[in-house]
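Below you'll find the structure, written out as structure tokens, and then a few comments.
Only a predicted model underlies this, so the values are computations on that prediction, with no experimental measurement involved.
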Amino acid sequence: QVQLVESGGGLVQAGGSLRLSCAASTRTVRSYAMGWFRQAPGKEREFVAAISWSGDNTGHADSVKGRFTISRDNAKNTMYLQMNSLKPEDTAAYYCAAKTTFYSGSYYLRAAEYDYWGQGTQVTVSS
């Protein structure tokens with residue numbers, strides 16, 4: 001079992017930055033690929049970014065490329081999402097997720113592929 005706890009959300013003006021963190025309560029997070037998803041009111045949960053358990057490979061949604069960066073520190077069992085140049089359309093609840101995998105270089109884009117989820121942290125971007 002893995003428990004995931006997100007933090008770092010808040011209210012920010014358009015053009016501002018936030019860094020989200022996802023702390024995993026497991027002996028080692030190295031066996032888990034991880035990802036960030038978001039869900040705005042009335043919309044489906046959507047993929048934001050994902051990272052392999054080695055940290056060598058990442059993927060980002062087109063809507064956030066060049067603005068958001070996913071990373072992880074396996075020594076701290078923590079994943080991050082650095083969000084720059086925030087836009088009002090980035091307003092959503094952000095969720096981190098983890099997937100058990102044997103493949104160190106793989107990352108996953110679909111929510112259905114993930115085994116564990118955090119409770120979410122709210123990001124609100126004002127115009």
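- Listed here is the closest heavy atom pair of Ala40 and Ala92: N-CB, 3.8 Å.
- Between Thr69 and Tyr80, the side chains place no donor N or O within less than 3.5 Å of an acceptor N or O (distance only, hydrogens not considered).
- Among residues two or more places apart in sequence or in another chain, the side-chain hydrogen bond (donor to acceptor under 3.5 Å, both in side chains) test is passed with Lys65 by Asp62.
- The list of disulfide bond (SG atoms under 2.5 Å apart) pairs with a residue in residues 94-127, not counting sequence neighbours, reads Cys22-Cys96.
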Going through the checks in order, is the side chain to side chain contact (heavy atoms under 4.5 Å, CB included) test met by Thr121 and Leu20? CA-CA 8 Å; Thr121 185; Leu20 304 183; 4.0 Å; yes

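- The 12-atom threshold is exceeded at CD of Glu46, counting heavy atoms of other residues, nucleotides or ligands nearer than 6.0 Å.
- Looking at heavy atoms from C-beta onward, Tyr95 lies in side-chain contact with Glu6 at the 4.5 angstrom threshold.
- Looking at Val123 and Met83, their side chains come closer than 4.5 Å, going by heavy atoms from C-beta outward.
- Shortest non-hydrogen contact noted between Leu81 and Ala49 is CD1-CB, 4.2 Å.
- Residues Arg38 and Ser63 form a side-chain contact, since some pair of their non-hydrogen atoms from C-beta on lies under 4.5 Å apart.
- Judged by the 6.0 Å and 45° rule, Lys99 forms no cation-pi pair with Tyr114.
- The aromatic rings of Tyr94 and Phe68 lie tilted to each other, with the angle between the two planes from 30° to 60°.
- Among all heavy-atom pairs drawn from Ala24 and Val2, the shortest one is CB-CG1, 4.2 Å.
- Residues Leu109 and Tyr103 share a single hydrophobic cluster, defined by chaining ILVMFWY side chains whose heavy atoms lie under 4.5 Å apart.
- In the hydrophobic clustering of this structure, Tyr116 groups with Trp36; members are Ile, Leu, Val, Met, Phe, Trp, Tyr whose side-chain heavy atoms approach within less than 4.5 Å, directly or through other members.
- Note that CD1 of Ile70 and OG1 of Thr58 are 7.5 Å apart. Values are rounded to the nearest 0.5 Å.
- No donor-acceptor pair under 3.5 Å is formed between the side chain of His60 and the backbone N or O of Gly66.
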Derivation of the side chain to side chain contact (heavy atoms under 4.5 Å, CB included) call for Thr91 and Gln122: CA-CA 8 Å; Thr91 295; Gln122 179 67 34; 4.0 Å; yes

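- Proximity of a side-chain donor or acceptor of Asn84 to a complementary backbone N or O of Ser17 within less than 3.5 Å is not detected.
- Side-chain contact between Ser71 and Met79 is absent, with no heavy-atom pair separated by less than 4.5 Å.
- Across every non-hydrogen atom of Ser104 and Ser52, the tightest pair is O-CB, 3.1 Å.
- Remark: side-chain polar atoms of Asp56 are not paired, donor with acceptor, to backbone N or O of Gly105 under 3.5 angstrom.
- At a threshold of 4.5 Å between non-hydrogen side-chain atoms, the residues Tyr107 and Trp53 do not count as touching.
- Within 6.0 Å of atom CD in Glu113, more than 12 heavy atoms from other residues, nucleotides or ligands are found, so the atom counts as buried in its surroundings.
- Arg19 meets the side-chain hydrogen bond (donor to acceptor under 3.5 Å, both in side chains) test with no other residue; sequence neighbours excluded.
- Within the 4.5 Å cutoff, the side chain of Asp90 has heavy atoms near those of the Arg67 side chain.
- Taking the centre of each ring, Trp117 and Phe37 come in below the 6.0 Å mark.
- Counting heavy atoms from C-beta outward, Leu86 and Leu18 have side chains that approach closer than 4.5 Å.
- Side chains of Val125 and Lys87 form no contact here, defined as non-hydrogen atoms less than 4.5 Å apart.
- Here the straight-line distance linking atom CD of Gln13 with atom OG1 of Thr124 works out to 13.0 Å at 0.5 Å rounding.
- The shortest heavy-atom contact between Gln39 and Lys43 is NE2-O, 3.1 Å.
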